[in-house]
J.: 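The structure under discussion is supplied below as structure tokens; questions concerning it will follow.
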Number of protein chains: 2
Amino acid sequence: MERELLLLGLLRQGEMHGYQLHDFIERNLAFCTDLKKATAYLLLERMAEKGWVTVQETREGHRPPRRVYRLTPEGEAAFQQLLRENLAHFEAAKTGSDVGLAFVDALPRAEALRLLEQRRAAVAEQLAAFQAAPEHSGGYQLLIDHQQHYLRSELAWLDAVLARLREGRLRFANPSSRKSRLQGEERP
Amino acid sequence: MERELLLLGLLRQGEMHGYQLHDFIERNLAFCTDLKKATAYLLLERMAEKGWVTVQETREGHRPPRRVYRLTPEGEAAFQQLLRENLAHFEAAKTGSDVGLAFVDALPRAEALRLLEQRRAAVAEQLAAFQAAPEHSGGYQLLIDHQQHYLRSELAWLDAVLARLREGRLRFANPSSRKSRLQGEERP
DNA sequence: CAATGACTAGTCAGAACTGACTATTCATGA
DNA sequence: TCATGAATAGTCAGTTCTGACTAGTCATTG
């Protein structure tokens with residue numbers, strides 16, 4: 001859905017072939033979507049069937065033929081529609097990284113601390129990478145701004161958690177209280 | 001990967017059958033992972049093959065037979081391993097909602113404003129829902145704390161963007177400058 | 001009581017996605 | 001000059017995931 005929005009959005013700026021689209025996304029937008037090459041080709045084909053883009057096969061020398069995609073007026077309409085929907089709604093981001101937090105208390109406190117410090121370093125590193133890239137080659141400044149904001153927020157939260165852990169203010173449940181939580185609180 | 005961590009983590013607290021696991025996740029952890037029923041069954045089956053859990057089929061009356069899963073020592077080891085990896089690493093969360101931001105400048109300013117205000121309301125609503133649930137029935141306080149922090153941060157960022165939009169401080173690129181950005185900056 | 005709708009439990013065909021691959025061209029330097 | 005590796009371009013077999021379904025049970029109520 002938003003993958004299509006992305007492809008359409010890129011195609012608005014001029015015709016392109018699949019490899020080019022995928023490559024651009026990989027290089028510049030990998031931080032906000034992950035679209036594999038095969039998936040990109042699949043979506044483009046499907047959008048061609050829907051009449052959102054036209055395909056034109058070209059060949060240079062003995063290279064495999066390129067399929068060049070170009071936005072149609074219907075494609076532009078679909079883009080507008082998808083964009084409106086996308087902007088108006090909000091879906092909270094989901095990370096696999098969250099899950100582990102549910103179980104920190106399964107580890108010795110000291111180890112939890114060590115591991116979360118590693119995580120903190122990882123976040124800091126990603127943030128630094130973003131701040132290093134000066135005005136980012138691809139444009140899309142809002143996206144980058146958002147990502148930086150997000151990473152800073154993660155960092156702040158992790159710092160707060162680490163502080164609580166260090167000061168022992170983080171409750172490590174014992175197994176029995178855990179069990180009762182899971183089964184549901186109703187029975188006393 | 002983290003889906004398995006989650007299932008193992010829940011199974012540590014006592015044997016359960018597939019439906020129960022899925023149901024618990026749906027009710028209490030839907031905000032941080034989305035694991036469909038069929039996927040849960042698939043993963044459990046696979047974990048059984050790997051020897052991480054044992055299965056015991058039981059039947060009550062004419063109901064379809066239940067498969068009750070119980071963690072094995074190997075399962076506990078795997079859990080520990082996955083948990084350590086999970087805690088030590090960080091993978092930035094990805095949302096489809098981000099993509100649209102790349103193209104706000106394709107809409108008239110006033111409409112972009114209206115749509116993003118809708119989005120803001122959606123975020124605020126989700127946040128309110130979290131704050132309403134008092135100490136959340138399922139426990140997992142860290143997760144909830146994290147989610148609230150995340151939502152507050154999104155809200156703040158959106159507010160900043162909206163302010164910039166209202167004051168006209170947000171650059172709406174014209175098509176030609178967009179194009180040159182896409183093709184790459186190298187050629188002048 | 002019988003009909004209705006919600007809950008429990010799980011299955012499966014098919015949609016969606018991806019890792020690994022082929023095959024050509026181009027740049028590099030030993 | 002001719003291996004080596006990177007870049008270009010795309011395909012496909014196989015895995016992963018999910019929407020929609022079956023089917024029994026329970027609670028309610030008209």
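So that the names make sense, note that chain A is the first sequence line, chain B the second, and so on, each numbered from 1. Only this structure's heavy atoms are used, side chains among them; waters, hydrogens and symmetry mates stay out.
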J.: Taking NZ, NE, NH1 and NH2 as the nitrogens, is one of them in A/R120 or A/E154 under 4.0 Å from a carboxylate oxygen of the other?
T.: no
J.: Quick one: list whatever passes side chain to side chain donor-acceptor pair (under 3.5 Å) with B/R119, sequence neighbours left out.
T.: A/N86
J.: C/dA9, OP1 or OP2 - any side-chain N/O from B/H22 closer than 4.0 Å?
T.: no
J.: D/dA7 P sits how many Å from A/H17 NE2, rounded?
T.: 16 Å
J.: Between the side chain of A/T95 and the main-chain N/O of A/D98, is any donor-acceptor distance below 3.5 Å?
T.: no
J.: Applying salt bridge (Lys or Arg N to Asp or Glu O under 4.0 Å), which residue pairs with at least one partner in residues 68-95 of chain B are found, sequence neighbours left out?
T.: A/E111-B/R84, B/R12-B/E76, B/E15-B/R70
J.: Rounded to whole angstroms, how far apart are CD on B/E57 and C1' on C/dA9?
T.: 12 Å
J.: Where is the tightest heavy-atom contact between B/W157 and A/L142, given as atom of each residue plus distance?
T.: CZ2-O, 3.6 Å
J.: Provide, to the nearest angstrom, the distance between the OH atom belonging to B/Y41 and the C1' atom belonging to C/dC12.
T.: 14 Å
J.: Please confirm whether the shortest side-chain N or O distance from B/Y19 to OP1 or OP2 of C/dG10 is below 4.0 Å.
T.: no
J.: Tell me the interatomic distance from A/M1, atom CE, to C/dA15, atom C1', rounded to whole angstroms.
T.: 16 Å
J.: Roughly, in whole Å, what's the span from CG in A/L21 to C1' in D/dG10?
T.: 13 Å
J.: Counting only N and O atoms by type, is there a donor-acceptor contact under 3.5 Å from the side chain of A/Q20 to the main-chain atoms of A/H17?
T.: yes
J.: Check the distance between D/dA7's P and A/E26's CD and give it to me in whole angstrom.
T.: 12 Å
J.: For nucleotides 17-19 of chain D, tabulate all protein N/O to nucleotide N/O atom pairs closer than 3.5 Å, reporting atom names and distance.
T.:
{"from": "D/dT18", "atom 1": "OP2", "to": "B/T39", "atom 2": "OG1", "distance (Å)": "3.2"}

J.: A/R66 has an atom CZ; how far is it from atom C1' of D/dA7, in whole Å?
T.: 12 Å
J.: What integer distance in Å separates A/E49:CD from C/dA16:C1'?
T.: 15 Å
J.: I want to verify a distance call: between C/dG10, D/dT8, D/dA9, whose nearest atom is closest to the A/D23 side chain?
T.: D/dT8
